[in-house]
There are 2 protein chains.
Amino acid sequence: MSESHPTIGIGALARRAGCQPETVRYYEHIGLLHEASRTEGGQRRYGEEAVRRLTFIRHARDFGFSVEAVRELLAMSDRPDMCCDEVDALAKHHLEEVESRLQRLAALRDELQRMLGECAGGKVESCRIIEVLSDHRLCDSDTAHGGAHDLGEPPAARRS
Amino acid sequence: MSESHPTIGIGALARRAGCQPETVRYYEHIGLLHEASRTEGGQRRYGEEAVRRLTFIRHARDFGFSVEAVRELLAMSDRPDMCCDEVDALAKHHLEEVESRLQRLAALRDELQRMLGECAGGKVESCRIIEVLSDHRLCDSDTAHGGAHDLGEPPAARRS
DNA sequence: CCTAAACCCTGTAGCAACTACAGGTTCAAG
DNA sequence: CTTGAACCTGTAGTTGCTACAGGGTTTAGG
């Protein structure tokens, strides 16, 4: 309702949503955030609405939704009279992915624990860890660790 | 012992280790695999040792070890009389990371389940999922989902 | 021996989702 | 009015590959 004047700088906006100014510019660039109004000198100025939108984005990202999923969620939340089936479906789908990642990650943990438990701490020559890594048959094959890709490795960048 | 003649083509090597020829060239490029010998026409030819090495790499990668960690593991496995403490430490460190990812992923799953359970299926306006995403305070804050980054999202590419 | 298919080569660009500069401009406090 | 923090654009880097384009090589069959 209340359209606050755009007085918030990009740094303050970023701080309030817990991210970096670069990330804000990036979100604008890929169209998650609308183009901000500018001062005469060309600097971006935001209002409270932008804070809400960015917070939503960051929060959804923290939940593990991909940028494309966030884009859909934003589009849906912009249409309040829509039926929320799609939102529900998106969240369900995401939950399924999370659950399958959880299972494989748990299998991986078990295998790592087993490896570590069996390593007697001698020479590399007889190291159980190296052996297991060398030979797939030494794994508990029931609970196959299905490839790090689908488990998700931490992406390169982590925010400080 | 038996130094097999290098007769295996890059495609066959890749197939035996469960990856793509491009991946093999990439590993060579970043120095995980030694430079292969070549035919007169310039094509790479490999022996059984390369199969073992590549299999080790793929397996360690499947375990979620980063390429840099794999590089260290390879260096260690190349020195059989070394004490395997470092291997052990690397694996332990990795296990810790896996466990912390597991915990956050579990918290995330709970939150998603809660969100889904509370969504009554009406209009977006009153959608519990959108609400939770909009407002951090609606989360169970004890078991905070700590950012998708550290949970790891599935990287873009998945092998077929 | 010849040809066609299957394989291989290099090099570059692309994916996600940002982060990190460089080299300059603008704003706000004192 | 000066200073320094904040901001601007644009490009390149990160991880771990994958996907081309535009060629050359190998090999099996006839």
Side-chain angles (χ1 to χ4, degrees), chain A residues 6-33 35-46 54 57-58 60-71 97 147-160, chain B residues 6-15 17-33 35-46 54 57-71 97 147-160:
Chain A
T7 53
I8 305 166
I10 195 171
L13 172 66
R15 236 169 290 124
R16 287 183 59 183
C19 65
Q20 314 265 124
E22 284 91 344
T23 308
V24 176
R25 282 192 280 263
Y26 172 70
Y27 286 160
E28 181 186 305
H29 182 67
I30 63 171
L32 283 192
L33 289 176
E35 282 191 23
S37 54
R38 304 278 186 137
T39 63
E40 283 182 25
Q43 299 197 354
R44 291 170 181 82
R45 287 297 119 99
Y46 299 91
L54 181 57
I57 295 169
R58 288 309 309 168
R61 293 283 304 119
D62 280 352
F63 266 101
F65 288 93
S66 71
V67 162
E68 282 320 300
V70 175
R71 199 188 295 282
E97 279 187 354
H149 294 290
D150 304 318
L151 294 171
E153 300 164 45
R158 58 195 73 172
R159 53 238 163 104
S160 49
Chain B
T7 53
I8 305 167
I10 195 171
L13 173 67
R15 237 170 290 124
C19 67
Q20 312 268 122
E22 284 91 345
T23 308
V24 176
R25 282 191 280 262
Y26 173 69
Y27 287 159
E28 181 185 306
H29 182 66
I30 63 173
L32 284 193
L33 289 176
E35 284 191 23
S37 53
R38 304 277 187 139
T39 62
E40 283 182 28
Q43 299 196 356
R44 290 171 182 83
R45 286 299 119 98
Y46 298 91
L54 181 57
I57 296 169
R58 288 309 310 166
H59 202 190
R61 293 283 304 121
D62 282 352
F63 265 100
F65 287 95
S66 72
V67 163
E68 283 318 302
V70 175
R71 199 188 296 282
E97 279 188 354
H149 294 291
D150 304 319
L151 295 169
E153 299 163 47
R158 58 195 73 172
R159 52 239 164 101
S160 50

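Note on naming: letters A, B, ... go to the chains in the order of the sequence lines (proteins, then strands), and numbering restarts at 1 for each one.
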Could you tell me the separation between the CD1 atom of B:I8 and the C1' atom of C:dC7, rounded to a whole number of Å? 16 Å
Would you check if the side chain of B:R71 reaches a backbone N or O of B:I30 as a donor-acceptor pair within less than 3.5 Å? yes
Grab the OH-C1' distance between B:Y26 and D:dT18 for me, whole Å please. 11 Å
B:Q20 CD to D:dG16 P, in whole Å, measures 17 Å
Scanning both residues in full, the closest heavy-atom pair of B:R25 with B:I10 reads CG-CD1, 3.5 Å
Can you check whether B:R61 has a side-chain N or O nearer than 4.0 Å to OP1 or OP2 of D:dC17? yes
Residue-phosphate contact under 4.0 Å: B:R25 side-chain N/O, C:dC9 OP1/OP2: yes
Has B:T23 got a side-chain N or O lying under 4.0 Å from the OP1 or OP2 atom of D:dT18? yes
Do A:Q43 and A:R38 come close enough that some side-chain heavy atom pair is under 4.5 Å? no
What are the residues of residues 36-44 of chain A, sorted by number, that bring a heavy atom to within less than 4.0 Å of DNA chain D? A:R38, A:G42, A:Q43, A:R44
How about A:Y27 and A:R58: does a side-chain donor come under 3.5 Å of a side-chain acceptor? yes
Below 4.0 angstrom from OP1 or OP2 of C:dC18, is there any side-chain N or O of A:Y27? yes
Residue pair A:V24 / A:A14: nearest heavy atoms and the distance that separates them: CG2-CB, 4.0 Å
Quickly work out the A:R71 CZ to C:dA16 C1' distance and round it to whole Å. 12 Å
Between P on C:dC18 and NE2 on A:H29, what's the gap in Å once rounded to a whole number? 13 Å
Which heavy atom of A:Y46 sits nearest a heavy atom of A:A36, and at what distance? CE2-CB, 3.4 Å
Interatomic distance, A:I30 CD1 vs C:dC15 P [rounded to whole Å]: 12 Å
Comparing A:R45 with A:E22, nearest DNA chain D nucleotide closer to 5' gives the residue A:R45
In whole Å, I'd like the distance from the CD1 atom of B:I10 to the C1' atom of D:dT25. 14 Å
In whole angstrom, give the distance that lies between atom CG of B:L13 and atom P of C:dC7. 15 Å
At what distance, to the nearest 0.5 angstrom, does CG of B:L32 lie from CZ of B:R61? 9.0 Å
